[in-house]
Amino acid sequence: MTPVSDDTRTHTDRPGAIDARPVRHPGRWVALAVIAVLAAMLISSFVTNPNWGFAKALKIMNYNPVLEGLLKGTIIATVGSMIIGVILGVIVGIMRLSDNPVLSAVGFLYTWFFRGIPRLVLIAMLGTGVGFLYPKLDIGPLPFSQQLAQWLGLSNDLTVFSLDVNQFSSTLMMGIIGLGLSEAAYMAEIARGGILSVDPGQREAAQALGMSGGKIMRRIVLPQAMRVIIPPTGNETIAMVKDTSLLSALPLTTELFFQTNAVGTRTLQIMPSFVAATAWYLIITSVLMVGQYFLERRFGRGFGQPSARQAKKAQALLAAGSQH
Amino acid sequence: MSTATTTSPTTAGQSGAPLVRAVNVHKAFHGNEVLKGIDMDVHTGEVVCLLGPSGSGKTTFLRCINQLESIDGGRIWVDGELVGLEEKGGRLHRLGEKQIAAQRREIGMVFQRFNLFPHMTALENIMEAPVHVKGVGKSEARARALELLELVGLSDKPQAFPAQLSGGQQQRVAIARALAMQPKLMLFDEPTSALDPELVGEVLKVMRSLADTGMTMIVVTHEMGFARDVADRVVFMDGGVVVEQGPAKDVIGNPQHERTRTFLKRMHA
């Protein structure tokens with residue numbers, strides 16, 4: 001509106017960067033000093049107090065039974081139970097949101113039960129209780145096969161396959177199932193929240209294109225819900241790494257904390273064994289945090305700033321397009 | 001493009017049965033009756049604009065045509081097929097989810113808030129339904145999607161995510177996405193209402209050229225200029241009923257009903 005603005009725009013010389021003193025932050029320096037002193041005290045105690053026994057801890061970390069416990073009881077158990085937990089949890093979460101009142105009620109009851117009992121109690125119960133109640137599991141072709149066979153007076157009781165629960169009860173598999181069942185209850189709530197966070201307009205747009213309900217869930221709703229689901233799932237995975245230590249209540253002996261503890265009590269090196277377990281748990285959770293970062297980036301596709309790789313791809317395509 | 005107004009609405013209308021026929025359509029939400037007996041015929045190739053104040057039921061009626069809402073009373077036929085219902089053994093049966101989805105494939109819809117899939121690029125948005133609903137091969141769907149992007153003037157944006165596009169660009173991708181299913185009928189639910197004023201023109205331009213290709217369109221809009229220039233017929237709704245309808249020039253230029261007059265006066269003010 002004013003002629004001045006036209007004038008200034010014709011300037012060809014850019015002004016130099018503003019030369020001004022930055023704002024001072026004395027608080028930061030005070031905090032740094034305090035933290036530095038505290039950290040120095042801590043490190044000095046690590047070095048001067050022989051009871052920490054870091055060298056011994058390092059040795060314990062590399063014992064074969066400890067490594068076996070780490071691999072089976074911690075890593076495999078975490079991966080296995082999270083796979084069960086996520087898949088079952090998403091199913092239960094979708095059930096709870098279903099229009100079908102029966103499915104929705106079942107989803108609610110599942111969450112109510114498995115979220116309501118402590119994992120330690122669930123693990124202990126699966127380890128001993130289930131084997132006591134159902135020492136043998138017979139699988140037949142029909143529901144109530146055995147009763148049916150008896151009623152019909154058949155010589156065969158129709159059992160196709162049977163499982164000795166007592167033998168199975170203190171295995172890694174049972175532990176994975178127990179933790180997975182418990183985890184599914186939490187994942188169901190996370191999945192439900194994620195699904196609800198997707199704009200209803202997305203479902204409508206997909207419906208208008210003639211997509212079926214299952215496809216809308218798989219291709220449109222869940223991929224967007226993942227963005228909301230992944231951060232808390234990362235949290236759950238890290239919590240699960242630590243909760244695998246509960247498997248010793250099954251009782252499962254190929255488990256990290258059980259093994260380090262055993263070494264500690266046997267050799268009277270209690271503290272180094274604790275340090276060894278702590279170090280392993282920290283290492284695993286650190287690796288998981290890196291994995292979570294990449295997952296979040298993958299499912300953040302289309303939200304916020306594009307990643308460098310996407311931008312490059314788009315540019316390459318543009319360049320190719322302009323050539324012909 | 002400006003020749004659109006000269007095409008007579010009756011030439012298409014007189015050839016056979018209407019593409020869309022609505023008879024005495026009723027719809028209520030929790031006891032609140034939004035549609036109180038709508039009758040409407042739309043013939044192949046016609047462009048019909050639904051005008052009316054907010055709450056008049058025009059969007060609800062549009063959503064009933066492709067069953068985003070199910071009607072309580074009356075009947076709607078699209079291309080001779082009863083919408084959402086089926087007559088078997090002298091009794092009406094509601095259609096299942098799969099049959100409803102099949103009916104919707106014939107109808108394209110463009111939403112006020114675009115509703116593009118944010119986790120897919122523009123190209124992927126357009127390819128999604130042909131590939132995953134119709135089962136068209138990927139390379140064929142891609143070629144067709146690129147053609148459609150060119151049609152809506154966005155051939156330089158196939159790899160852009162919706163969040164990287166302006167509102168007008170997003171709406172044009174949404175139109176391309178709907179066209180990718182090769183629908184017989186296109187429904188537009190206030191396609192320019194969520195746009196900045198300077199972006200409205202680019203979307204209307206695409207809609208105009210679509211009308212010129214002979215696409216049958218039902219458009220809920222507040223764009224009087226578009227209605228006057230492009231629509232073969234304008235339907236004015238208020239309070240859940242059709243108050244007045246006829247050629248755009250007559251309804252907008254010389255409204256017969258008091259309610260139409262007050263509405264138009266407010267629109268021009």
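Note on naming: letters A, B, ... go to the chains in the order of the sequence lines (proteins, then strands), and numbering restarts at 1 for each one.
- How far OG of A/Ser212 is from CZ of B/Arg104: 11.0 Å, rounded to the nearest 0.5 Å.
- If you tally non-hydrogen atom pairs under 4.5 Å between each of B/Met109, B/His119, B/Arg113 and chain A, the highest count goes to B/His119.
- Put simply, of B/Leu116, B/Thr121, B/Asn66, B/Ile107, the one with the most heavy-atom pairs under 4.5 Å next to chain A is B/Leu116.
- A/Ser104 and A/Arg96 share no donor-acceptor pair across their side chains, judged by distance under 3.5 Å alone.
- In this structure, the portions of B/Pro118 lying under 4.5 Å from any heavy atom of chain A include both its backbone and its side chain.
- The residue from B/Leu50, B/Val235, B/Val220 that alone fulfils the side chain to side chain contact (heavy atoms under 4.5 Å, CB included) condition with B/Phe61 is B/Leu50.
- For chain B, the nearby parts of A/Arg219 are the backbone and the side chain; heavy atoms of each come within less than 4.5 Å.
- Chain A forms more heavy-atom pairs under 4.5 Å with one residue of B/Lys134, B/His132, B/Arg105, B/Met181 than with any other, namely B/His132.
- At most 12 non-hydrogen atoms from other residues, nucleotides or ligands lie less than 6.0 angstrom from CD of B/Glu150.
- Residue with the most contacts toward chain A among B/Gln103, B/Lys98, B/Met120, B/Glu128: B/Glu128 (heavy-atom pairs, distance under 4.5 Å).
- Residue A/Phe144 places its CZ atom among 12 or fewer non-hydrogen atoms of other residues, nucleotides or ligands, all under 6.0 Å distant.
- With a 4.5 angstrom heavy-atom cutoff, B/Arg63 touches chain A only via side-chain atoms.
- To the nearest 0.5 angstrom, A/Ile238 atom CD1 is 10.5 Å from A/Thr78 atom OG1.
- Atom NE2 of B/His222 is separated from atom CG of B/Leu51 by 8.5 Å, given to the nearest 0.5 angstrom.
- Both the backbone and the side chain of B/Phe117 come within less than 4.5 Å of a heavy atom in chain A.
- With chain A as the partner, the residue from B/Glu106, B/Glu124, B/Gln67 showing the most heavy-atom pairs under 4.5 Å is B/Glu124.
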